[in-house]
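Here the structure is laid out as structure tokens; the discussion comes afterwards.
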Amino acid sequence: MRSSYTGKENVFYYVTSGNGRVNGIVWRGYLTAGTNPGASSDTNSGDSTSNSNSADNGGTNTGATGNNDSSTNSNSGTNSGLIGSSTTTYSTNSNQFNTKDVTAFNKQIIQLFPGLLEDQKLDDVASQDLELSDKYNYGDQETLLDKYIVQTYGGHPYGLLEDWNAVTVPNVSLVKKQVADPLSTIDYSDIEKYKGYHIGVASEAKSSSSNSSKITKIDYYIYILPANPKITLAG
């Protein structure tokens with residue numbers, strides 16, 4: 001669904017409770033990947049790459065982004081699809097990853113989109129969204145992010161697209177698998193049509209225990225925007 005106010009798109013699912021008594025539309029961020037204990041054992045056991053906010057076979061990246069000048073870094077190569085990722089090894093310690101590895105991890109994600117230009121403004125938008133997601137519920141997060149975007153661009157930039165997810169380990173190949181999912185907001189099956197767009201990425205590693213710094217998931221946010229977007233002035 002696309003917000004007529006912010007121009008952003010978000011994914012919602014129509015869900016039904018296990019007993020069939022309750023149903024409705026739910027934002028994907030409120031859903032958690034898992035197995036229905038009441039489901040038939042004959043159901044498809046294949047891997048799912050549904051774009052949910054929960055960890056999906058890998059980690060997400062949140063927080064810090066690369067320190068690049070705005071819209072100056074170009075990814076070379078023919079943009080006929082997602083390119084392969086390298087086998088770079090990152091720390092499995094969340095503190096060390098967020099301190100030393102996160103910038104390189106973000107760069108690898110950006111390299112999945114040849115033909116797009118890294119933009120510091122979009123890096124900052126992604127970082128802001130990530131930071132807000134840690135502190136606020138979805139509604140407040142969207143309201144505060146909208147204010148940030150308006151302050152940054154002087155209004156609402158038309159064509160702003162966002163994808164976000166999480167992986168359980170710092171492996172860009174897992175991110176590649178997720179972003180290629182047909183349910184993703186950005187149409188990764190035809191990346192060529194976004195050639196010349198600007199891109200921003202943010203990620204952050206997290207641990208589930210205060211007694212351990214081992215990574216349990218990495219949240220990541222990806223934003224893309226036309227090079228010269230139409231700006232709708234805020235009312």
Which heavy atom of G196 sits nearest to which heavy atom of A227, and what is that distance? O-CB, 3.6 Å

Between S184 (side chain) and D181 (backbone), is there a donor-acceptor pair under 3.5 Å? yes

Among D134, D129, D146, which residue meets the side-chain hydrogen bond (donor to acceptor under 3.5 Å, both in side chains) test with Q141? D129

Distance from S133 atom OG to L144 atom CG, nearest 0.5 Å? 12.0 Å

Would you compute the distance between atom CD1 of I109 and atom CD1 of I199 and round it to the nearest 0.5 angstrom? 8.5 Å

Listed partners of Y153 passing ring pair (Phe, Tyr, Trp, His ring centres under 6.0 Å), at least two apart: none

Partner set under side-chain contact (heavy atoms from CB on, under 4.5 Å) for D101, not counting sequence neighbours: Y90, S91, F97

I149 and V125, any side-chain heavy atoms less than 4.5 Å apart: yes

To the nearest 0.5 Å, what is the distance between CD1 on I110 and CZ on F105? 11.5 Å

Gap between atom NZ of K195 and atom CG of L116 - 0.5 Å precision: 10.5 Å

Evaluate side-chain contact (heavy atoms from CB on, under 4.5 Å) for S94 paired with S207, printing each intermediate quantity in order. CA-CA 6 Å; S94 60; S207 59; 4.0 Å; yes

Distance (rounded to the nearest 0.5 Å) between Y223 OH and L161 CG: 10.5 Å

Among Q120, K121, Q128, side-chain hydrogen bond (donor to acceptor under 3.5 Å, both in side chains) partner for D124: Q120

Could I get the full list of salt bridge (charged side-chain N to carboxylate O under 4.0 Å, His left out) partners for D140, not counting sequence neighbours? none

Parallel, tilted or perpendicular: rings of Y194 and Y197 (30°, 60°): perpendicular

Let me confirm one number: the CH2-CD distance from W164 to E162, rounded to the nearest 0.5 Å. 7.5 Å

Suppose we screen for side-chain contact (heavy atoms from CB on, under 4.5 Å). Which residues come up paired with S208, at least two apart in sequence or across chains? T216

Minimum heavy-atom distance between P157 and G155, given as atom pair plus value: CD-O, 3.4 Å

Set of side-chain contact (heavy atoms from CB on, under 4.5 Å) partners for N95, sequence neighbours left out: N93, S213

side-chain contact (heavy atoms from CB on, under 4.5 Å), that's the test. Do I224 and L122 meet it? Break it down for me. CA-CA 7 Å; I224 69 171; L122 288 178; 5.6 Å; no

Working note: V179 + I222, criterion side-chain contact (heavy atoms from CB on, under 4.5 Å); need CA distance, chi angles, decisive distance, verdict. CA-CA 10 Å; V179 298; I222 303 170; 3.8 Å; yes

Donor-acceptor side-chain pairing of Y221 and D163 below 3.5 angstrom: no

Could you walk me through whether D123 and E118 satisfy the side-chain contact (heavy atoms from CB on, under 4.5 Å) test, starting with their C-alpha distance in whole Å, then the side-chain angles of each, then the deciding distance to 0.1 Å, before giving a yes or no? CA-CA 8 Å; D123 283 342; E118 183 176 8; 2.6 Å; yes

